[in-house]
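One structure is given below, encoded as structure tokens.
Please read all numbers here as calculations on a predicted model, not as lab measurements. So you know, we letter chains A, B, ... as the sequences are listed, proteins then strands, and number each from 1.
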Amino acid sequence: MSIVTRFAPSPTGYLHIGGARTALFSWLLAKNQGGKFLLRVEDTDRERSTQEATDAIIEAMAWLDLAAEGTAVFQSQRFDLYNSYIDQLLASGHAYWCRCTPDEVEAMREKARAEGKKPKYDGRCREAGLVPGEGAQGCVVRFKTPQDGVTAFDDMVKGPTAVQNAEMDDMILRRSDGAPTYNLAVVVDDHDMGVTHVLRGDDHVANTPRQILLYKAFSWEVPKFGHVPMILGPDKAKLSKRHGALSVMEYKKMGYLPEALVNYLARLGWSHGDQEIFSREELVSMFSTNNLGNSPSVFDVKKLEWLNAHYIKEAAPERLAGLLPQYIAELPEIGAAAGLKLDPAHLSNIVPLLQPRAKTLVEMAEMSHLFLVDSAALAYDEKAVADHLKPEARALLTELLPIYEAASEKIDYTDHKALEAATQAFLDARELKFKAVAQPLRVALTGKTASPGLFETMCVLGKAESLARIKRALAL
RNA sequence: GUCCCCAUCGUCUAGCCUGGUCCAGGACGACGGCCUUUCACGCCGUUAACAGGGGUUCAAAUCCCCUUGGGGACGCCA
């Protein structure tokens, strides 16, 4: 039998790291079993749900390449369905009308709390047999939770779990404004959508027994549940805004590749022996809820960075070259400058030099800058110039100039080895070490003391630009 | 407050179910070295953990109990 999983975010904010991970796990579970992965937007709370948030979540899912089957289900469009099921529960005696006001219920909770008991609704309207006549505006519908017994289930990650029914109060199924509540809508939808496996955040464990009770009241088959532990910040508290970026799209902005985030998230709370790097295919074939950990884990940016560096090295230069312009444009001060050389072919030549050096695309954009400007616009680091462009060094560069200027048959700017050999020959003739020119040449070419290989850099810059830079440096 | 859950290097984790092969393995980080025209990459090495206490057992990271520490849930939010 084919399984069905789903991701059901509520559009009250962006897709955050924790949500992305549960979505990923649900997606992987479905794919591993050859089943379907569905998306449902839980927007029953019209006050807090927004279209922007819905769009943002869908955008983030797309960026992570977590495609859902068919079109997304929106709970806000299914109120009639929920209400018909609530009526069914009312008719079968599993639910009842309650006219207690929020204030009254709050008072009950206060009282229970004061007595050292669990705060809950006391069920006073339970047997009142209220019928929602004309004046039912202020009434809600509550579920008649069994007062005794235990509700148990075998959690896919936590194992056998059981809750005393007495711990639960009579949850509201239908609000006084006629809108269904979360627990009711979730159960109706999961059943209606044929969901067989529910993987969700740990914060939902308490809802699970309630939902199971609902399934039983409807005589529906109960799906398998699994609760994934939370993601913590470095201070071991629940990950939140103050720990920095929470939104998945923030990571895109910071220059992370989606496959790096996916790999990182997959390994956070899940493992497969000692393996750290997983392709998408491996993730799909190896994923199992059996290997999900059951303790919370701390989000570690350093490890994400390492994975990102790894995937940057592996990525096709053309792809990165295609992504780079948007990061270059965001560079403060310099990104929006006119005259930057951003043609794809040039960027594709630059990227390989930067791949082993950049941990993020933002870093890559920063490092690419020296290749994008004209010699006249290149910024020279003052200290670098002072330290490395001393008279002796200038003299050598001046002598080197004609060699680099030589006919293209002899010095080919598509072959950095030839340039190196020519330079070496020059030095050998004078019994000089390579170090004598390395840093001076680097500063002349890049304005900095750290850069990619000298001759690779010259090749990417091209003959005219390389010569122009050396000349400009000599004139400084 | 009440209920539930969790506990291996700083971090992610393997091992735990089916005790011995574990003076606990891998990875990130940190530190040191090698390579080297700089910076990186890469390679090599070092660092560092079974929360504590009781049991059970010939034997416990592995099983049981307690303590401590952490987290979560208690809404006409999801």
Side-chain angles (χ1 to χ4, degrees), chain A residues 8-12 42-45 47-49 75 98 100-102 105-106 109 112-121 138-142 155 158-159 161-164 166-169 171-183 185-186 201-207 209 227 229-230 232 234 236-238 264 267-277 290-291 293-307 309 313 353-359 367 384 388 420 423 433-443 446 448-455:
Chain A
S10 77
T12 55
E42 313 224 314
D43 55 352
T44 53
D45 184 345
E47 299 277 294
R48 304 199 301 157
S49 302
Q75 292 191 322
C98 165
C100 297
T101 66
V105 177
E106 189 42 48
R109 280 196 263 266
R113 221 183 278 269
E115 290 168 358
K117 289 192 289 210
K118 191 166 184 124
K120 48 187 227 181
Y121 172 70
C139 293
V140 299
V141 173
R142 285 183 184 274
D155 194 290
K158 295 174 176 301
T161 305
V163 176
Q164 299 291 328
E167 285 298 320
M168 298 179 263
D169 65 357
M171 64 180 151
I172 290 177
L173 302 177
R174 181 189 193 269
R175 293 183 251 243
S176 54
D177 66 358
T181 57
Y182 167 75
N183 281 118
V186 165
D202 214 354
D203 45 338
H204 283 293
V205 257
N207 289 317
H227 296 89
M230 316 245 75
L232 275 25
K236 305 241 181 185
K238 188 174 177 175
Y264 178 71
R267 262 305 267 108
L268 193 63
W270 175 82
S271 62
H272 187 266
D274 288 339
Q275 190 167 343
E276 296 287 349
I277 307 283
N290 293 336
N291 304 318
N294 56 353
S295 52
S297 31
V298 174
F299 191 85
D300 179 14
V301 193
K302 285 288 186 188
K303 191 157 183 182
L304 206 211
E305 258 178 16
W306 170 72
L307 278 164
K313 286 183 203 89
L353 303 195
L354 271 21
Q355 278 176 298
R357 296 174 166 80
K359 287 198 284 289
M367 293 187 276
H388 298 287
E420 179 168 5
T423 306
K433 298 234 178 212
F434 203 100
K435 299 212 187 226
V437 287
Q439 287 306 75
L441 184 54
R442 186 182 316 283
V443 172
T446 68
K448 300 173 177 37
T449 53
S451 79
L454 287 173
F455 306 106

With sugar-phosphate meaning primed atoms plus P, OP1 and OP2, does [X] contact a base, only sugar-phosphate, or nothing at under 4.0 Å between heavy atoms?
X	result
A:Pro9	nothing
A:Thr44	sugar-phosphate
A:Asp43	nothing
A:Lys433	nothing
A:Ala206	sugar-phosphate
A:Gly453	base
A:Cys98	nothing
A:Glu167	sugar-phosphate
A:Lys238	sugar-phosphate
A:Leu454	base

To the nearest angstrom, how far is [X] atom [atom1] from [N] atom [atom2]?
X	N	atom1	atom2	answer
A:Trp306	B:G26	CH2	C1'	10 Å
A:Asn294	B:U8	CG	P	10 Å
A:Leu232	B:G70	CG	P	12 Å
A:Arg113	B:C3	CZ	C1'	12 Å
A:Lys117	B:C74	NZ	C1'	15 Å
A:Asp202	B:G72	CG	P	9 Å
A:Ile172	B:C77	CD1	P	8 Å
A:His204	B:C77	NE2	P	15 Å

Taking the side chain of A:Asp300 as its heavy atoms from C-beta onward, which of B:U11, B:U2, B:G29 lies nearest to it?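 It is B:U11.
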Name the closest nucleotide to the A:Arg442 side chain, picking from B:C77, B:G1, B:U37.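 Selected nucleotide (nearest to the side chain): B:U37.
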Find out whether A:Val443 and A:Thr449 are in side-chain contact, i.e. whether some heavy atom of one side chain is under 4.5 Å from a heavy atom of the other.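 Counting from C-beta outward, A:Val443 and A:Thr449 do come under 4.5 Å.
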Determine whether A:Ile172 and A:Tyr121 make a side-chain contact, defined as any pair of heavy atoms from C-beta on separated by less than 4.5 Å.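 No, their side chains stay 4.5 Å or more apart.
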Does a side-chain N or O of [X] approach OP1 or OP2 of [N] to a distance below 4.0 Å, or not?
X	N	answer
A:Ser271	B:A14	yes
A:Ser297	B:U13	yes
A:Lys120	B:G75	no
A:Arg109	B:C76	yes
A:Arg267	B:A14	no

Is there a donor and acceptor pair closer than 3.5 Å between the side chain of [X] and the base of [N]?
X	N	result
A:Asp203	B:G72	no
A:Glu106	B:G75	no
A:Arg357	B:C41	no
A:Lys303	B:C12	yes

Salt-bridge test for A:Asp169 and A:Arg142: reply yes if a basic N is under 4.0 Å from a carboxylate O, no otherwise.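 No, this pair does not count.
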On a whole-Å scale, what distance lies between the [atom1] atoms belonging to [N] and [M]?
N	M	atom1	answer
B:A14	B:C3	P	31 Å
B:U47	B:U38	P	30 Å
B:G69	B:G33	P	43 Å

In terms of the angle between their ring planes, are A:His204 and A:Tyr182 parallel, tilted or perpendicular, with boundaries placed at 30° and 60°?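 Aromatic pair A:His204/A:Tyr182 classed parallel.
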